[in-house]
Asker: 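I am attaching a structure below and will ask some questions about it afterwards.
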Amino acid sequence: MAASFFSDFGLMWYLEELKKEEFRKFKEHLKQMTLQLELKQIPWTEVKKASREELANLLIKHYEEQQAWNITLRIFQKMDRKDLCMKVMRERTGYTKTYQAHAKQKFSRLWSSKSVTEIHLYFEEEVKQEECDHLDRLFAPKETGKQPRTVIIQGPQGIGKTTLLMKLMMAWSDNKIFRDRFLYTFYFCCRELRELPPTSLADLISREWPDPAAPITEIVSQPERLLFVIDSFEELQGGLNEPDSDLCGDLMEKRPVQVLLSSLLRKKMLPEASLLIAIKPVCPKELRDQVTISEIYQPRGFNESDRLVYFCCFFKDPKRAMEAFNLVRESEQLFSICQIPLLCWILCTSLKQEMQKGKDLALTCQSTTSVYSSFVFNLFTPEGAEGPTPQTQHQLKALCSLAAEGMWTDTFEFCEDDLRRNGVVDADIPALLGTKILLKYGERESSYVFLHVCIQEFCAALFYLLKSHLDHPHPAVRCVQELLVANFEKARRAHWIFLGCFLTGLLNKKEQEKLDAFFGFQLSQEIKQQIHQCLKSLGERGNPQGQVDSLAIFYCLFEMQDPAFVKQAVNLLQEANFHIIDNVDLVVSAYCLKYCSSLRKLCFSVQNVFKKEDEHSSTSDYSLICWHHICSVLTTSGHLRELQVQDSTLSESTFVTWCNQLRHPSCRLQKLGINNVSFSGQSVLLFEVLFYQPDLKYLSFTLTKLSRDDIRSLCDALNYPAGNVKELALAFCHLSEQCCEYISEMLLRNKSVRYLDLSANVLKDEGLKTLCEALKHPDCCLDSLCLVKCFITAAGCEDLASALISNQNLKILQIGCNEIGDVGVQLLCRALTHTDCRLEILGLEECGLTSTCCKDLASVLTCSKTLQLLNLTLNTLDHTGVVVLCEALRHPECALQVLGLRKTDFDEETQALLTAEEERNPNLTITDDCDTITRVEI
């Protein structure tokens, strides 16, 4: 985006300050002034009809930028708008320039302190034009000119988030980006701020100002022209969980830092300001829920050609560069790591060290752990020596102790007291800084960080091979088994990425040899037993609500590269739940699952791996082999009874492979879920699975798009005499009313299907009418029907009422989120009071009901001998309607056990009435959580 865009955008800020009449006068002054100054005239017809934005464009187009600003300033003077004159003058010559000079000096200094040996080959301090353009676009106005924007930059540590922010600050200080967009840009690092005592936003701004007397009033006088850059958001203690009442709108008020930043992010303070927030890979739920995000940007790091160029720059010798690059390219895991520039430097450094010693690079590239162990051990081996000295051994042990403490206390910045407590004496610090494994952090004199969090994780894992946690000076450091459980659970510590993998990777035979050579001992056998015990415990207790991330387990086992142990370990698990999002995940999952024979339940998704195939592209042979290993679990795990594939995209070849395994005689599934799955090829292959799976009782296609032909093929397969599917879920499948013809025919012929979920499909009254024709037939065995959000109206309820009387098998009917209204309920109630109706559960949530229908519902409560649950949540009932219902609930013939109402939707009097009714009748529950009650109690 051209810089001139932001110049005319800057003019627009000031033109928008003019009222309608003032803006008209501005145009007249412009016409006169350009004549007086004998300047090239802008056609008056264009000026007269121009909006503020259009006039700003015209000024920049017809005059030089500086001249356009001068004309504007002179017109403001003629119009006696001294306030605007002062703002323009201050902006173009005053405080902004002072602060920009300070910011440039500060961030240039920080840049120099962050550079690490050869990594600077690829990182330039100067921002390239394409980078400027992209940064400009992030905050370009999308609708109204002054609309604030909140942009998220997310990615793993080392991908370049902080580098990008530093470049942004330097580019802004040089007027290369955000020209006339932001007067002030302030950088806050949450890692540095979280330890501050209660402070104010004015104090935080003053910390960034070149002298103590920051002109706060001037700075915030145009809040729409402020940009706050917030780095390391994940370090913000407490996140954004404060209630609205705790937020702060006064920038002079002293509050905890997390409250100040939360107030800023949630627009309680300076709501017109824009924000740029850098976070780790996963955007926290509280950030998504509490903040209006304009855009999420993910720095790409090194692409494949970048990596090749970097290897060539690093090794200088083309032959050595290609030797190293080709070895790394063969490993999906190592090649993926190279996307992160700093980790690419660590990998190259490790390979170069081994090259110089004449060692086999293939051994170094065996795993991620082998790369890091080579890197770290070489740093602590004096040049020319065969091994470490007692002093360097001690330094590394102390560093490992420090790393372990940091991982368990979520600490990544250490003071000198932390170092001393873990055995790093003052005399060791220069040597550790010389290795680059430890760096001074920011502008503080006595603050230190590890080169990268992965190095800290490796050293923390190494600690457990050298000492018991009981010997650690900090009580927060826990045992190996607690570390593994924390690593395997989905709610594990956000900063633990490779910790578990490094721990298991160090148990590999080759790594044990390195450990023996460096330290002379290690505790590998004890740790192996603890891993075995941990997995056994996880296998025995199962995986409630998918709390265990099986992929985390697979990565740890893959890192060991010990087939015998992996086979033993994976067969301790009865459930596996994981998400494959790239080729590395695919390789790791396949490696472990090919040994698996004990699973009972498997749930996974696969994305970004298998693209739709055409004549120009196909899935690689190696990927297909890995996919086959994953699918083969369906036949090799003799106890596997439940499979759920969700949120996945399969190519034609991978789809066929999967279907072939599903059709295999050794596959004995009882539950199959295919949810939000996009597949190429003949879907009939999938539906024919029903011919080969006599044990299959539950089948779900929820969220998977099915065509009319797909439904016909599915229903044909369900009509196969040997089929035993009892529950069929087709919610959110893009079904139309025409599909109901095939479903109705299936309901008449199929004697096994008892539960049918057609929610969130556009069936309309026409489709419902077709379904009801089948429901009314005596051969229909269905006992549970869900039609939530199917675009049914009151007109459709007449057919439904007729079916309720004719079909005495139907026990559950869910028709919530349909605009059936009071008239529709009236029709249903006539059927519900009929002696032949056997309905037990009726869902009418969010159906546009009012208290008008309560008398009809009350008659049902007093007449029906079977109705046990009635859900009326999210309808507009009033106190009068509730009184009518409560009177019916007291009737001796009322069989209702659960009434779905949310008490908080009513006034205090009505709430008291409902509470009293519950207390009077111990068999009655009034709740807004009817789904849970339905599953558990009825």
Asker: In plain terms, say whether K268 and D244 are close enough for a salt bridge, that is, a side-chain N and a carboxylate O under 4.0 Å apart.
Answerer: no

Asker: Show the nearest heavy-atom pair for residues L138 and V151, with the distance to one decimal.
Answerer: O-CG2, 3.5 Å

Asker: So, does T411 use its side chain to make a donor-acceptor pair with the main chain of G406 at under 3.5 Å?
Answerer: no

Asker: Go through the steps to decide whether F488 and C534 satisfy the test side-chain contact (heavy atoms from CB on, under 4.5 Å), and finish with yes or no.
Answerer: CA-CA 10 Å; F488 295 155; C534 178; 4.2 Å; yes

Asker: Hey, would you say the Y555 and F498 ring centroids sit under 6.0 Å apart?
Answerer: no

Asker: Applying ring pair (Phe, Tyr, Trp, His ring centres under 6.0 Å), run through F414 and Y448 and close with a yes or a no.
Answerer: CA-CA 5 Å; F414 304 95; Y448 304 90; 9.1 Å; no

Asker: Going by the rule side chain to side chain donor-acceptor pair (under 3.5 Å), which residues pair with R421 if we only count those two or more places apart in sequence or in a different chain?
Answerer: E405, D418

Asker: Within the 4.5 Å heavy-atom criterion, are I346 and T349 side-chain neighbours or not?
Answerer: no

Asker: Between F450 and F412, is a ring pair (Phe, Tyr, Trp, His ring centres under 6.0 Å) present by the stated rule, with each step listed?
Answerer: CA-CA 7 Å; F450 282 84; F412 301 91; 9.1 Å; no

Asker: Got a second to check how far M407's CE is from T409's OG1, nearest 0.5 Å?
Answerer: 9.0 Å

Asker: Going by an N to O cut-off under 4.0 Å, is there a salt bridge joining D231 and K161?
Answerer: no

Asker: Give the C-alpha distance, both sets of side-chain angles, the deciding distance and a yes or no for side chain to side chain donor-acceptor pair (under 3.5 Å) between S401 and H472.
Answerer: CA-CA 7 Å; S401 179; H472 198 283; 3.1 Å; yes

Asker: Salt bridge (Lys or Arg N to Asp or Glu O under 4.0 Å), that's the test. Do R181 and D136 meet it? Break it down for me.
Answerer: CA-CA 9 Å; R181 177 72 170 96; D136 269 342; over 6 Å; no

Asker: Set out, in order, the CA-CA distance, both residues' side-chain angles and the distance that settles side-chain contact (heavy atoms from CB on, under 4.5 Å) for T368 and F502, then state yes or no.
Answerer: CA-CA 8 Å; T368 308; F502 287 141; 4.0 Å; yes

Asker: Working note: V376 + L399, criterion side-chain contact (heavy atoms from CB on, under 4.5 Å); need CA distance, chi angles, decisive distance, verdict.
Answerer: CA-CA 11 Å; V376 171; L399 211 57; over 6 Å; no

Asker: Regarding Q607 and D647, is there a side-chain donor-to-acceptor distance under 3.5 Å anywhere?
Answerer: no

Asker: Given F182, which partner from the list W172, Y99, F139 fulfils the ring-ring contact (aromatic ring centres under 6.0 Å, His included) test?
Answerer: F139

Asker: What distance separates R420 CZ from L402 CG, expressed to the nearest 0.5 Å?
Answerer: 12.5 Å

Asker: Aromatic ring centroids of Y187 and F107 under 6.0 Å?
Answerer: yes

Asker: Just by modelled atom types, is the V425 backbone N or O under 3.5 Å from a matching donor or acceptor in the D428 side chain?
Answerer: yes

Asker: Kindly indicate, with the supporting measurements, whether the criterion side-chain contact (heavy atoms from CB on, under 4.5 Å) is fulfilled by L276 and I152.
Answerer: CA-CA 6 Å; L276 179 61; I152 304 294; over 6 Å; no

Asker: Can you confirm whether the side chains of E413 and S447 place a donor and an acceptor under 3.5 Å from each other?
Answerer: yes

Asker: Testing the basics here: between I277 and T150, what is the closest heavy-atom pair and its distance to 0.1 Å?
Answerer: CD1-CG2, 3.9 Å

Asker: Classify the ring geometry between W496 and W408 as parallel (under 30°), tilted (30 to 60°) or perpendicular (over 60°).
Answerer: perpendicular

Asker: Indicate the atoms forming the closest heavy-atom contact of M269 with L264, along with that distance.
Answerer: O-CD1, 3.7 Å

Asker: If the plane angle is over 60° it's perpendicular, under 30° parallel, otherwise tilted; pick one for W345 and F375.
Answerer: perpendicular

Asker: Between Y372 and E457, is a side chain to side chain donor-acceptor pair (under 3.5 Å) present by the stated rule, with each step listed?
Answerer: CA-CA 10 Å; Y372 281 86; E457 287 185 286; over 6 Å; no

Asker: Is a salt bridge present between R255 and D246, judged by a nitrogen-to-oxygen distance below 4.0 Å?
Answerer: no

Asker: For a 4.5 angstrom cut-off between non-hydrogen side-chain atoms, does V548 reach N577?
Answerer: no

Asker: Quick one: are P223 and R225 in side-chain contact, heavy atoms under 4.5 Å?
Answerer: no

Asker: So, does S262 use its side chain to make a donor-acceptor pair with the main chain of V259 at under 3.5 Å?
Answerer: no

Asker: Which pair of non-hydrogen atoms, one from D306 and one from R300, has the smallest distance, and what is that distance?
Answerer: OD2-NH1, 2.9 Å

Asker: Spell out, as yes or no, whether a donor-acceptor pair under 3.5 Å connects the side chain of D549 to the backbone of L551.
Answerer: yes

Asker: Any side-chain heavy-atom pair from L503 and L484 closer than 4.5 angstrom?
Answerer: yes

Asker: About how many Å separate SG of C479 and NE2 of H469, when rounded to the nearest 0.5 Å?
Answerer: 5.0 Å

Asker: If we only count heavy atoms from C-beta on, is the C454 to I497 side-chain gap below 4.5 Å?
Answerer: no

Asker: Taking all non-hydrogen atoms of both residues into account, name the closest pair between C556 and T504 and its distance.
Answerer: O-OG1, 2.7 Å

Asker: Please indicate whether K254 has more than 12 foreign heavy atoms, meaning atoms of other residues, nucleotides or ligands, lying under 6.0 Å from its NZ.
Answerer: yes

Asker: Any heavy-atom pair between the side chains of Y184 and W209 that's under 4.5 Å?
Answerer: yes

Asker: Which value, rounded to the nearest 0.5 Å, describes the distance between R266 atom CZ and L261 atom CG?
Answerer: 12.0 Å

Asker: Is it true that K267 and E272 have a side-chain N and a carboxylate O under 4.0 angstrom from each other?
Answerer: no

Asker: Please round to the nearest 0.5 Å and tell me the distance separating atom CG of L499 and atom CG of L483.
Answerer: 4.5 Å

Asker: Could you tell me which residues satisfy side chain to side chain donor-acceptor pair (under 3.5 Å) with S200, sequence neighbours excluded, listed by chain and number?
Answerer: D203

Asker: Quick check: closest heavy atoms across F380 and L396, and the distance to 0.1 Å?
Answerer: CE1-CD1, 3.8 Å

